[in-house]
Amino acid sequence: MLTIWGRSNSLNVQKVLWCCEELSLGYKRIDAGGPFGVVNTPRYLNLNPNGLVPTIEDDGLVLWESNVIVRYLAAKHAAGSLWPEDLRVRAEADRWMDWSNTTFWPALRILFLGLVRTAPEKRDPQALEQSRLKTAEVLRIVDAHLATHEYLAGSALTMGDIALGCGAWRWMALPIERPPLSNVQRWFDLLAQRTAYRKFVMLPLS
Ligand SMILES: N[C@@H](CCC(=O)N[C@@H](CS)C(=O)NCC(=O)O)C(=O)O
């Protein structure tokens, strides 16, 4: 039985939940992180010494790091689809997963946390604007790539779309000015057609 620890409004937990839904995987989810606490208990820290979510346990295997979890589940259950079998296609999907964590989310994080989780009087407008501009700048890289790719790693949804798609929803849902990026918009509209994406990712920001 697969167990997932993590609050369902977490970006990184949503990657795992979306992945499981695409694969029709059964699991038990335990609320953890944010207002639920749990992550600083000795038992949880024994599973994940970072005290962060998500963590999974699958038949005795404990894993943390959302992208690694998505890769593991995709490789185990979705070879040839979310986990591309063609090495080159898989490398592309992998690349967007890493890029999402190292470039996209660090750009957007300040704006997201500022607008969604910070009281108006405590916001730093300059930092928020910098974050908005930086996110728009890095999204132009995605937009150029999607000019010649239907999804991030080619003609079908892969784990690469799952990693970036969770952050992309936050960008689309924030009450901000967004530069027109027609290929990103087309890709986002494709994701929004998926029941699993709507169910686990396209939720009110919190
Ligand atoms: N690199 C980690 C980051 C995990 C992370 O930062 N998780 C956040 C939620 S998105 C967290 O646990 N925050 C503290 C909390 O929820 O209590 C991953 O991708 O899993």
Side-chain angles (χ1 to χ4, degrees), residues 2-23 25 27-58 61-76 78 82-83 90 93-119 122 127-128 131 134-135 138 142 152-153 158-174 191 196-197 199-206:
L2 174 63
T3 304
I4 302 169
W5 284 264
R7 54 188 168 86
S8 56
N9 67 340
S10 142
L11 167 95
N12 290 305
V13 173
Q14 287 180 0
K15 295 177 193 171
V16 179
L17 300 179
W18 176 13
C19 177
C20 286
E21 187 77 3
E22 290 288 347
L23 304 179
L25 294 182
Y27 57 84
K28 177 171 112 179
R29 188 180 64 78
I30 299 171
D31 272 323
F36 300 100
V38 177
V39 292
N40 291 318
T41 60
R43 183 169 178 265
Y44 188 85
L45 289 168
N46 197 35
L47 298 172
N48 181 344
N50 303 288
L52 296 172
V53 292
T55 301
I56 68 160
E57 194 268 329
D58 184 41
L61 173 71
V62 175
L63 268 187
W64 36 266
E65 281 301 325
S66 57
N67 283 357
V68 173
I69 295 169
V70 170
R71 285 186 183 103
Y72 166 77
L73 294 174
K76 182 171 175 183
L82 291 185
W83 174 263
R90 189 159 74 236
D94 247 341
R95 179 188 59 193
W96 288 112
M97 294 179 89
D98 284 11
W99 187 88
S100 172
N101 272 20
T102 59
T103 305
F104 178 71
W105 187 242
L108 180 57
R109 189 171 174 273
I110 291 165
L111 185 59
F112 173 78
L113 293 178
L115 292 183
V116 177
R117 300 205 185 136
T118 307
K122 293 204 173 136
L128 298 190
S131 173
K134 183 67 187 170
T135 309
V138 301
V142 185
L152 289 174
T158 67
M159 57 191 184
D161 301 287
I162 289 187
L164 189 59
C166 292
W169 161 245
R170 283 153 174 80
W171 170 252
M172 292 298 190
L174 283 172
L191 300 186
Y197 186 67
K199 184 168 167 190
F200 286 103
V201 184
M202 293 181 73
L203 305 173
L205 301 182
S206 66

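Note that the structure is predicted; figures quoted are calculated from it, not measured. Counting starts at 1 for both ligands and their atoms, following the listed order.
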S.K.: Which residues pass the ring pair (Phe, Tyr, Trp, His ring centres under 6.0 Å) test with W18, sequence neighbours left out?
M.R.: Y197
S.K.: Considering non-hydrogen atoms of the protein only, which is the closest contact for atom 3 (C) of ligand 1, and what is the distance?
M.R.: N12 ND2, 3.6 Å
S.K.: Among all the protein's non-hydrogen atoms, which is closest to atom 20 (O) of ligand 1, and how far away is it?
M.R.: S66 N, 2.8 Å
S.K.: Starting from atom 2 (C) of ligand 1, what is the nearest protein heavy atom, named by residue and atom, and what distance separates them?
M.R.: E65 OE1, 3.4 Å
S.K.: Any N or O on G34 sitting closer than 3.5 Å to an N or O of ligand 1?
M.R.: yes
S.K.: I'd like to check which ligand 1 atoms, numbered from 1 as shown, lie under 4.0 Å from a non-hydrogen atom of G33.
M.R.: 15 (C), 16 (O), 17 (O)
S.K.: May I ask which of I69, V13, L52 has a heavy atom nearer to atom 6 (O) of ligand 1 than the others do?
M.R.: L52
S.K.: Can any side-chain N or O of E57 pair as donor or acceptor with the backbone N or O of L63 at less than 3.5 Å?
M.R.: no
S.K.: Going by heavy atoms in the side chains, are W169 and L205 under 4.5 Å from each other?
M.R.: yes
S.K.: What is the distance from atom CD1 of I162 to atom OG of S66, rounded to the nearest 0.5 Å?
M.R.: 11.0 Å
S.K.: Of all the atoms in ligand 1, which lie at a distance below 4.0 Å from a heavy atom belonging to P54?
M.R.: 20 (O)
S.K.: Between NZ of K76 and CG of L25, what distance do you get to the nearest 0.5 Å?
M.R.: 8.5 Å
S.K.: Compute the shortest N/O to N/O distance between N67 and ligand 1 and return yes if it is under 3.5 Å, no if not.
M.R.: no
S.K.: Would S10 count as a polar contact of ligand 1, with the cut-off being nitrogen or oxygen pairs under 3.5 Å?
M.R.: no
S.K.: Is a side-chain donor or acceptor of R90 paired with a backbone partner of W83 at a separation under 3.5 angstrom?
M.R.: no
S.K.: If you measure every N or O of K15 against every N or O of ligand 1, does any of those distances drop under 3.5 Å?
M.R.: no
S.K.: Do F104 and V142 make a side-chain contact, defined as non-hydrogen atoms from C-beta onward lying under 4.5 Å apart?
M.R.: no
S.K.: List the closest protein heavy-atom neighbour of atom 4 (C) of ligand 1: residue, atom name, distance to the nearest 0.1 Å.
M.R.: V53 O, 3.3 Å
S.K.: Do I110 and L128 have side chains that approach each other closer than 4.5 Å (heavy atoms only, starting at C-beta)?
M.R.: yes
